[in-house]
Amino acid sequence: MKDQARKELLSQVENMINHYCAGCFLHQYLKKEGGRRAAHRFCISQCTVGEKLQEYGKKLTN
């Protein structure tokens, strides 16, 4: 993967995290009620933003 394309993907990931994940009330609630692992599991398996971040991660590792 070219450096420019990689930088663009990383920029998109950072923007998504800053826009959607920072201060996510659902993550905070799940963390309080079920613990950090439960909140993380939700973000990875059920949250649409988490799924999109996984797609970006797969592109970065190829």
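Nothing here was measured: the structure is a model prediction, and the numbers come from that model. No hydrogens, no waters, no symmetry mates; every other heavy atom, side chains included, goes into these values.
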Check: residues 18-44 side-chain donor-acceptor pairs under 3.5 Å, at least two apart:
| from | atom 1 | to | atom 2 | distance (Å) |
| --- | --- | --- | --- | --- |
| Asn18 | ND2 | Glu14 | O | 3.3 |

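Under 4.0 Å is where a charged nitrogen must lie from a carboxylate oxygen, and between Glu55 and Lys58 no such pair does.
The neighbour count for Asn15 CG, taken as heavy atoms of other residues, nucleotides or ligands under 6.0 Å away, is above 12.
For Glu8, the side chain to side chain donor-acceptor pair (under 3.5 Å) partners two or more places apart in sequence, or in a different chain, are Gln12.
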